[in-house]
Amino acid sequence: MNGLQPNPGLRGELRHDEPLAGYTSWRVGGPARSLYRPADRDDLVAFLRDLEPEEPLLWLGLGSNLLVRDGGFSGTVIATQGALDEIRLDGDLGIYAESGCACAKIARTAARAGLVGAEFLAGIPGTLGGALAMNAGAFGGETWPLVDWVETLDRAGRLRRRTPADYQIAYRSVHGPEGEWFLAARLNLLAGDVQAGQARIRSLLERRSNTQPTGQPSGGSTFRNPPGDHAARLIEAAGLKGLAIGGAEVSHKHANFIVNTGGATARDIEQLLEQVRDEVERQFGVRLVPEVHTVGEEA
Ligand SMILES: Cc1cc2nc3c(=O)[nH]c(=O)nc-3n(C[C@H](O)[C@H](O)[C@H](O)COP(=O)(O)OP(=O)(O)OC[C@H]3O[C@@H](n4cnc5c(N)ncnc54)[C@H](O)[C@@H]3O)c2cc1C
């Protein structure tokens with residue numbers, strides 16, 4: 001355990017001025033004023049109860065959908081990955097997982113148990129908490145149709161159990177009660193065949209590595225697909241593949257990915273994102289909506 005403890009009863013790890021570049025898949029981002037990795041859920045509840053009510057909070061999974069600006073985040077980051085990571089089978093056809101569990105682990109755990117429906121999660125390089133916040137999906141599957149219930153936590157440390165009916169859920173968009181974050185979920189799956197589930201995971205991962213720049217730091221799909229079209233198609237048709245600002249480049253392999261070719265700043269990425277959005281709008285009259293979440297302050 002490193003760092004200072006505000007309360008000697010806390011068992012997690014508290015860091016100050018912690019650079020966030022190492023916590024995001026783009027490998028960019030300035031420091032968080034504080035970053036807390038709880039020991040477990042009880043520890044997180046205690047930490048939140050102690051926190052100043054005005055302290056800005058950012059929950060962070062694997063940072064695979066997050067552009068943290070170069071000036072960092074003036075508040076407290078709650079890092080769930082590697083912390084809230086309990087996972088178990090629940091009843092005949094369910095999986096209970098805490099929000100810091102990697103999506104890939106959930107897919108593999110389900111497949112090994114002969115449960116099908118979560119294979120698409122295998123290639124999503126985030127946590128369950130991020131997948132719930134984003135309604136992450138791929139190859140026809142989406143997170144929320146699997147959800148039986150979620151457990152949430154508010155900043156006063158209060159726990160609640162909620163069902164999908166408490167949320168407005170759409171493509172890559174989830175709105176629910178203000179001031180609550182996802183602590184865990186129970187997913188409902190179907191009975192299936194172990195070998196078939198594992199083969200489907202292998203085939204989805206192969207399709208992904210054939211079409212996406214999986215070896216380069218990125219934030220995944222930069223923009224949501226507009227109704228009836230694909231952001232990648234519009235960006236490619238606008239002639240923007242390979243366009244670069246500093247170390248940020250529109251991927252040659254998948255036009256909706258902005259990759260960090262080395263040494264990119266968050267500012268490079270944000271400027272490139274804006275230029276792509278403006279150029280697509282100028283040429284096709286479609287204003288793309290970012291899928292990635294941008295947080296923090298300019299340097
Ligand atoms: C190479 C690559 C491929 C990708 N492919 C896909 C894909 O196929 N489909 C897809 O949907 N996405 C894809 N993504 C995007 C990303 O992986 C997903 O959006 C993922 O769900 C984000 O999870 P995360 O844990 O990394 O979230 P983070 O990036 O850490 O956070 C994303 C948002 O969720 C919030 N959040 C995180 N945890 C919680 C919590 N416990 N409670 C409440 N809010 C929380 C954060 O505050 C932030 O606003 C891809 C990304 C990359 C880099």
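Just follow the structure's listing: the first ligand is 1, and inside any ligand the first atom is 1.
In the vicinity of G126, heavy-atom distances shorter than 4.0 Å reach the ligand 1 atoms 23 (O), 24 (P), 25 (O), 26 (O). Residue L66 approaches ligand 1 through these ligand atoms, each under 4.0 Å from one of its heavy atoms: 29 (O), 48 (C). Under a 4.0 Å criterion applied to the non-hydrogen atoms of G137, ligand 1 contributes the atoms 7 (C), 8 (O), 9 (N), 10 (C), 11 (O). Near A138, meaning under 4.0 Å from one of its heavy atoms, ligand 1 places the atoms 8 (O). Every atom of ligand 1 is numbered from 1 in the order shown, and the set under 4.0 Å from a heavy atom of N65 is 15 (C), 16 (C), 19 (O), 22 (C), 29 (O). Residue G63 has at least one heavy-atom neighbour below 4.0 Å for each of these atoms of ligand 1: 26 (O), 28 (P), 29 (O), 30 (O). Near S99, with a cut-off below 4.0 Å to any heavy atom, the atoms of ligand 1 are 41 (N).
Taking the six-membered ring where the residue is Trp, the centroids of F223 and F257 are separated by 6.0 Å or more. Aromatic ring centres of F120 and F139 lie farther apart than the 6.0 Å criterion allows.
The nearest pair of heavy atoms linking R224 to L288 is O-CD2, 4.3 Å. When all heavy atoms of C101 and E86 are compared, the closest pair comes out as SG-O, 3.4 Å. Closest of all the heavy-atom pairs between T261 and Q216 is CG2-NE2, 4.2 Å. L44 and L183 get closest at one heavy-atom pair: CD2-CD1, 4.2 Å. Residues G123 and L205 come closest through the heavy atom pair CA-CD2, 3.6 Å. The heavy-atom pair separating V116 from A191 by the smallest distance is CG2-O, 4.1 Å.
Annotation: atom 33 (C) of ligand 1 to nearest protein heavy atom, H293 ND1, 3.7 Å. Ranking the protein heavy atoms by distance from atom 5 (N) of ligand 1 puts R208 NH1, 3.1 Å first. Here the heavy atom of the protein found nearest to atom 34 (O) of ligand 1 is A133 CB, 3.4 Å. The protein heavy atom nearest to atom 41 (N) of ligand 1 is F182 O, 2.9 Å. The protein heavy atom nearest to atom 53 (C) of ligand 1 is G220 N, 3.3 Å. Protein heavy atom in closest approach to atom 37 (C) of ligand 1: W59 O, 3.7 Å. With respect to atom 27 (O) of ligand 1, the closest heavy atom belonging to the protein is G130 CA, 3.6 Å. Nearest to atom 12 (N) of ligand 1 among the protein's heavy atoms is E291 OE2, 4.0 Å.
Residue contacts with ligand 1, taken as heavy atom pairs separated by less than 4.0 Å, involve S25 solely via side-chain atoms from C-beta onward. Of the heavy atoms in Q81, none comes closer than 4.0 Å to ligand 1. At a 4.0 Å heavy-atom cut-off, ligand 1 touches S218 through backbone and side chain alike. At a heavy-atom cutoff of 4.0 Å, ligand 1 is contacted by the side chain of L58 but not by its backbone.
Considering each of V77, L204, L60, I124, the one bringing a non-hydrogen atom nearest atom 18 (C) of ligand 1 is I124. Counting heavy atoms only, M134 comes closest to atom 19 (O) of ligand 1 of the residues M134, E180, R224, E98. Of the listed residues (G219, S64, P125, G141), the one carrying the non-hydrogen atom nearest atom 22 (C) of ligand 1 is S64.
Below 3.5 Å of separation, one finds no N or O of A136 facing any N or O of ligand 1. Residue L62 places at least one N or O, backbone or side chain, under 3.5 Å from an N or O of ligand 1. At under 3.5 Å, not a single nitrogen or oxygen of S221, backbone or side chain, sits near a nitrogen or oxygen of ligand 1.
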Give the intermediate values and the outcome of side chain to side chain donor-acceptor pair (under 3.5 Å) for residues R208 and N210. CA-CA 5 Å; R208 194 175 277 274; N210 288 338; over 6 Å; no
Please walk me through it: do Q275 and E279 pass side chain to side chain donor-acceptor pair (under 3.5 Å)? CA-CA 6 Å; Q275 197 171 325; E279 189 54 26; over 6 Å; no
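Using the six-membered ring where Trp is involved, Y36 and F47 have ring planes that are parallel, under 30° apart on the 30 and 60° scheme.
With respect to L146, the side-chain contact (heavy atoms from CB on, under 4.5 Å) criterion is satisfied by exactly one of L190, I106, L189: L189.
Side-chain contact check for E55 and T76: at least one donor-acceptor pair (N or O, by modelled atom type) lies under 3.5 Å.
The cationic atom of R88 (NZ for Lys, CZ for Arg) lies less than 6.0 Å from the six-membered ring centre of Y96 and within 45° of the ring axis.
Side-chain N or O atoms of S99 include none that pairs as donor or acceptor with a backbone N or O of A184 at under 3.5 Å.
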